[in-house]
Undergrad: 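My structure is below; once you've seen it, I'll send some questions.
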Amino acid sequence: MKKITLLFTFLIFACQSPTKISEKEVMETFDNFFVVIDNDLDSFESLVTNDFFIFENSRHYSKEEFIEFVKTFDIISVNRKFEDVTIDTDYNSAHISLKQFGEFIVNTPEGKAKLEFEWLESAYAIKVENKLKFKFYFSEAIRTNTTNLD
């Protein structure tokens, strides 16, 4: 009887089809990525795979190099907007591409400045221990503008 129960339980779980990653899960993970970048860099590693890398500003950064790069900015405020978001998913991975518009108020040696960017971006994320994590991120600025505020 024990073997039949075990076999029946196995068949129930084996016949269940895996669930495709939802666009909602991708967007929540994506939004959280920028909340962490803008507010809590110490949590960045929890959002990315061990071998994560980003290609930004025509340069390849490892996870550690990217964190150090972001820390070089003395950011006062951030405003981000995303457009033309396209998401493709399967059962274990997701790809997102979009345009990002960012406006940053930063302290510089010359005083406060407003930095405005338009980026083309693409990211690839995979399921790791049932959590979506970024493996690769591509970001290329296609428009920039700097305005001194002081």
Undergrad: Atom OH of Y61 and atom CD of E56: how far apart are they, to the nearest 0.5 Å?
TA: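 If I round to the nearest 0.5 Å, the distance is 6.5 Å.
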
Undergrad: Is it the case that over 12 heavy atoms from other parts of the model lie below 6.0 angstrom from the CG atom of N50?
TA: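 Count not over threshold, so no.
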
Undergrad: To the nearest 0.5 Å, tell me how far K112 NZ sits from I76 CD1.
TA: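 Here the interatomic distance stands at 4.5 Å.
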
Undergrad: Please tell me if the side chains of T144 and E116 come closer than 4.5 Å, counting only heavy atoms from C-beta onward.
TA: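 Side chain of T144 against side chain of E116, heavy atoms only: no contact under 4.5 Å found.
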
Undergrad: Measuring from T72:OG1 to I67:CD1, what's the distance to the nearest 0.5 Å?
TA: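 So the gap between those two atoms works out to 13.0 Å.
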
Undergrad: Return a table of donor-acceptor pairs under 3.5 angstrom between the side chains of residues 103-111 and protein atoms on other chains or two or more places apart.
TA:
{"unit_1": "N107", "atom_1": "ND2", "unit_2": "D74", "atom_2": "OD2", "d": "3.1"}
{"unit_1": "T108", "atom_1": "OG1", "unit_2": "E110", "atom_2": "N", "d": "3.2"}
{"unit_1": "T108", "atom_1": "OG1", "unit_2": "G111", "atom_2": "N", "d": "3.2"}
{"unit_1": "T108", "atom_1": "OG1", "unit_2": "G111", "atom_2": "O", "d": "2.5"}

Undergrad: For S93 and Y124, work out which heavy atoms get closest and say how close.
TA: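 Here S93 and Y124 meet closest at CB-OH, 3.4 Å.
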
Undergrad: Atom CD1 in I142, atom CD in E118: separation rounded to 0.5 Å?
TA: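 Answer rounded to 0.5 Å: 3.5 Å.
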
Undergrad: Please tell me whether F73 and V78 are part of a single hydrophobic cluster in this structure, the criterion being side-chain heavy atoms less than 4.5 Å apart.
TA: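 Linked within one cluster.
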
Undergrad: What's the shortest heavy-atom distance between K20 and T89, and which atoms?
TA: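 That closest heavy-atom pairing would be CE-O, 2.9 Å.
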
Undergrad: Do you know the tightest heavy-atom contact between S122 and H95?
TA: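 Between these two residues, the closest heavy atoms are OG-NE2, 2.6 Å.
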
Undergrad: Who are the ring-ring contact (aromatic ring centres under 6.0 Å, His included) partners of F66, not counting sequence neighbours?
TA: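 ring-ring contact (aromatic ring centres under 6.0 Å, His included) list for F66, sorted by chain: F44.
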
Undergrad: Side-chain polar contacts of residues 128-138 - donor-acceptor pairs under 3.5 angstrom, sequence neighbours left out - could you list them?
TA:
{"unit_1": "K131", "atom_1": "NZ", "unit_2": "S46", "atom_2": "O", "d": "2.9"}
{"unit_1": "K135", "atom_1": "NZ", "unit_2": "D51", "atom_2": "OD1", "d": "3.1"}
{"unit_1": "K135", "atom_1": "NZ", "unit_2": "D51", "atom_2": "OD2", "d": "2.5"}
{"unit_1": "Y137", "atom_1": "OH", "unit_2": "E121", "atom_2": "OE1", "d": "2.7"}

Undergrad: Applying side-chain contact (heavy atoms from CB on, under 4.5 Å), run through K114 and T146 and close with a yes or a no.
TA: CA-CA 6 Å; K114 179 168 71 171; T146 303; over 6 Å; no

Undergrad: CH2/W119 to CG/L98 distance, rounded to the nearest 0.5 angstrom?
TA: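 So the CH2 of W119 and the CG of L98 are separated by 11.0 Å.
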
Undergrad: Quick check: does any side chain N or O of S43 sit under 3.5 Å from a backbone N or O of V36, one acting as donor and the other as acceptor?
TA: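 The answer is no, because no donor-acceptor pair under 3.5 Å joins these two groups.
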
Undergrad: State yes or no: do F52 and I126 share one hydrophobic cluster built from I, L, V, M, F, W and Y residues joined by side-chain heavy-atom distances below 4.5 Å, directly or via other members?
TA: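 No, it is not one cluster - the side chains of F52 and I126 are not joined through contacts under 4.5 Å.
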
Undergrad: Transitively linked via ILVMFWY side-chain contacts under 4.5 Å: L120 with V85?
TA: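 Cluster IDs for L120 and V85 differ.
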
Undergrad: Can you tell me how far apart CD (E65) and CZ (F53) are? Round to the nearest 0.5 Å.
TA: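 Going from the CD atom of E65 to the CZ atom of F53 covers 12.0 Å.
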
Undergrad: Does the side chain of T86 reach to within under 4.5 Å of the side chain of D84, using non-hydrogen atoms?
TA: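 No, their side chains stay 4.5 Å or more apart.
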
Undergrad: Are the side chains of F55 and E140 in touch, meaning some heavy atoms are under 4.5 Å apart?
TA: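 Sidechains of E140 and F55: in contact.
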
Undergrad: Please list, chain by chain and in numerical order, all residues satisfying salt bridge (charged side-chain N to carboxylate O under 4.0 Å, His left out) with D38, sequence neighbours excluded.
TA: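 In terms of salt bridge (charged side-chain N to carboxylate O under 4.0 Å, His left out), with neighbours along the sequence ignored, D38 is linked to R80.
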
Undergrad: Hey, any chance V35 and L47 share a hydrophobic cluster, counting ILVMFWY side chains that come within less than 4.5 Å of each other, even indirectly?
TA: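 Different clusters: V35 never reaches L47 through Ile, Leu, Val, Met, Phe, Trp or Tyr contacts under 4.5 Å.
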
Undergrad: Tell me which donor-acceptor pairs under 3.5 Å the side chains of residues 23-34 have, and how far apart each pair is, sequence neighbours excluded?
TA:
{"unit_1": "E25", "atom_1": "OE1", "unit_2": "K127", "atom_2": "NZ", "d": "3.4"}
{"unit_1": "E25", "atom_1": "OE2", "unit_2": "K127", "atom_2": "NZ", "d": "2.7"}
{"unit_1": "T29", "atom_1": "OG1", "unit_2": "E25", "atom_2": "O", "d": "2.9"}

Undergrad: Return each pair, listed once, that meets salt bridge (Lys or Arg N to Asp or Glu O under 4.0 Å) where at least one residue sits in residues 41-50; pairs must be two or more places apart or across chains.
TA: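 Residue pairs with at least one partner in residues 41-50: E45-K63.
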
